[in-house]
Amino acid sequence: MRNPARLATVPHAVIMQPTTLCLPMDCTYCYLPFRKVKNLMPVAVAEAVAEAVNTWAADDPAFEVVWHGGEPLATGREHLASLMAPFRGVKHSVQTNAALIDDAWCEFLQGHDVHVGVSIDGPADMNAHRVTLAGHPSSRVAMRGIERLRRHGIPYSSIAVVSDPDPASAARFYEFFAELGVTTLGVNVEEEEGVNVGPQTADAGRAAEFWAALADAWRANPVVHLREISRVLNFAGAVLKGQVPAPAPASAPWEPLPTIAHDGGVVLLSPELAGFTDDRFGDFTTGNVLKSGLNVLVAEAEQRTPWITEFWKGVDACRATCPYFAFCGGAHPANRYFEHGGRMDGTRTRYCTTAKIALLEGVAHHAREHRH
């Protein structure tokens, strides 16, 4: 029998995709199918989302509206401001490639109290997969935007994609972000998703060595909050305190993480599925906010979304077979779908192996080496 509490009925954040255009980038690992098309979110979509979000945010002062997907700044300041206007009592954040950031954008971000996340993969040689639409390296334009943020005193976090988790490069990779002064660094190993076939020969042992070397670099200079290292340390601390839930169906409900596409379509659990269609699952959406309230779509998600039922079967299979389940919680929907030929009920993925299992083993190795 399906546990009705598997998906939380009230989220803590929503992801808004104000445009599909990735101007001026054309990253080689990008999974977005419409990144060269400027589809803009109408204000009516933001207004519909805000009806539910403002109610949730009234009870949750940390509620976050994340502008992410495509390049949000390609929306333009005036239109982005009009999309933000309906929201009340939320924390806005934007994930940007920084290439379009100028003084006017800095003033906009400060004036709207927007947290900034910058997508950059490290020094120029490690950032080689992030190229412009003209095929040129993007490090110079990204760094120009970052310098403007710094000049205006705007703090920012970073997300980096690592296509080659080389342990020999981990220290230089970390120090790049430490020198930039980022507040938080999230590290994503390149994935097979969407239109990106991903690295097909990911080596789990090498990835574990990379995570161990990254932990070494962080330990030597712990000035950046390193998201993945924190996850492992928090998990280890909970285990030692006996607070980690058993890998059973009664585990805490999943965060629904509604992603609202430019046209109002709502994809739950996995932003990476937005914009794709499937013969069995259609467009993966639970509905559209221009037709149904977001609160209704989240509350009735399982009845409205056939792929989620199949996904729970995959989660249960992970729970029954994988010794890492208590840490990982099961493979993410998009990784399952794209790595298992359109199935949601598969188990281990390459992403699990390099970004979850190798992470846990690598940081555990680091801890053993520094236990004295």
Side-chain angles (χ1 to χ4, degrees), residues 1-17 41-42 44-60 63-66 69 193-194 245 247-320 325 328-347 349:
M1 181 179 295
R2 186 178 65 205
N3 185 342
R6 297 190 80 159
L7 196 67
T9 57
V10 176
H12 294 96
V14 296
I15 296 177
M16 302 286 285
Q17 297 185 336
M41 176 180 285
V45 170
E47 291 173 341
V49 174
E51 287 185 18
V53 165
N54 291 350
T55 299
W56 292 328
D59 297 321
D60 180 3
F63 196 99
E64 188 173 16
V65 177
V66 183
E193 285 180 336
S251 298
W254 282 57
E255 167 70 27
L257 195 62
T259 296
I260 293 81
H262 72 94
D263 61 358
V266 178
V267 174
L268 300 179
L269 291 170
S270 191
E272 299 84 0
L273 292 173
F276 292 94
T277 57
D278 177 84
D279 290 340
R280 292 191 301 137
F281 301 131
D283 61 6
F284 295 100
T285 64
T286 297
N288 191 295
V289 295
L290 296 178
K291 298 179 180 179
S292 303
L294 182 59
N295 57 335
V296 174
L297 295 178
V298 173
E300 299 179 356
E302 295 195 48
Q303 301 96 293
R304 292 170 172 262
T305 321
W307 69 261
I308 293 180
T309 300
E310 185 171 293
F311 170 67
W312 292 141
K313 294 178 182 178
V315 172
D316 290 339
C318 286
R319 178 184 291 109
F325 181 82
C328 175
H332 294 172
N335 298 117
R336 291 179 192 270
Y337 177 79
F338 290 113
E339 290 195 30
H340 290 296
R343 299 294 305 185
M344 289 288 186
D345 51 3
T347 54
T349 62

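Not measured: the values here are computed from a predicted model.
Look at Arg6 and Glu302 and you find no salt bridge, because none of the NZ, NE, NH1 or NH2 atoms lies under 4.0 Å from a carboxylate O. Ion pairing between a basic and an acidic side chain is recognised when a charged N comes within 4.0 Å of a carboxylate O; Lys313 and Asp316 show no such pairing.
For Gln17 (side chain) and Thr259 (main-chain N/O), no donor-acceptor pair under 3.5 Å exists by modelled atom type. Put simply, the side chain of Asp278 never gets that close to the backbone of Gly342: no donor and acceptor are under 3.5 Å apart.
Residues Leu7 and Trp312 are in side-chain contact: their nearest non-hydrogen atoms beyond the backbone lie under 4.5 Å apart. Put simply, the side chain of Leu294 reaches to within 4.5 Å of the side chain of Pro258, judged on heavy atoms. Residues Asn295 and Thr55 have side chains not in contact (no heavy-atom distance under 4.5 Å, counting atoms from C-beta outward).
Between Thr277 and Tyr337, the shortest heavy-atom contact is O-OH, 4.1 Å. Here the shortest heavy-atom pairing between Val289 and Val266 reads CG1-CG2, 3.6 Å. Of all heavy-atom pairs spanning Phe284 and Trp307, the tightest one is O-NE1, 3.1 Å.
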If you look only at distance, which donor and acceptor atoms sit under 3.5 Å apart when one is on a side chain in residues 44-52 and the other is two or more places apart or in another chain?
none

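Note that the CZ atom of Phe311 and the CH2 atom of Trp254 stand 3.5 Å from one another [nearest 0.5 Å].
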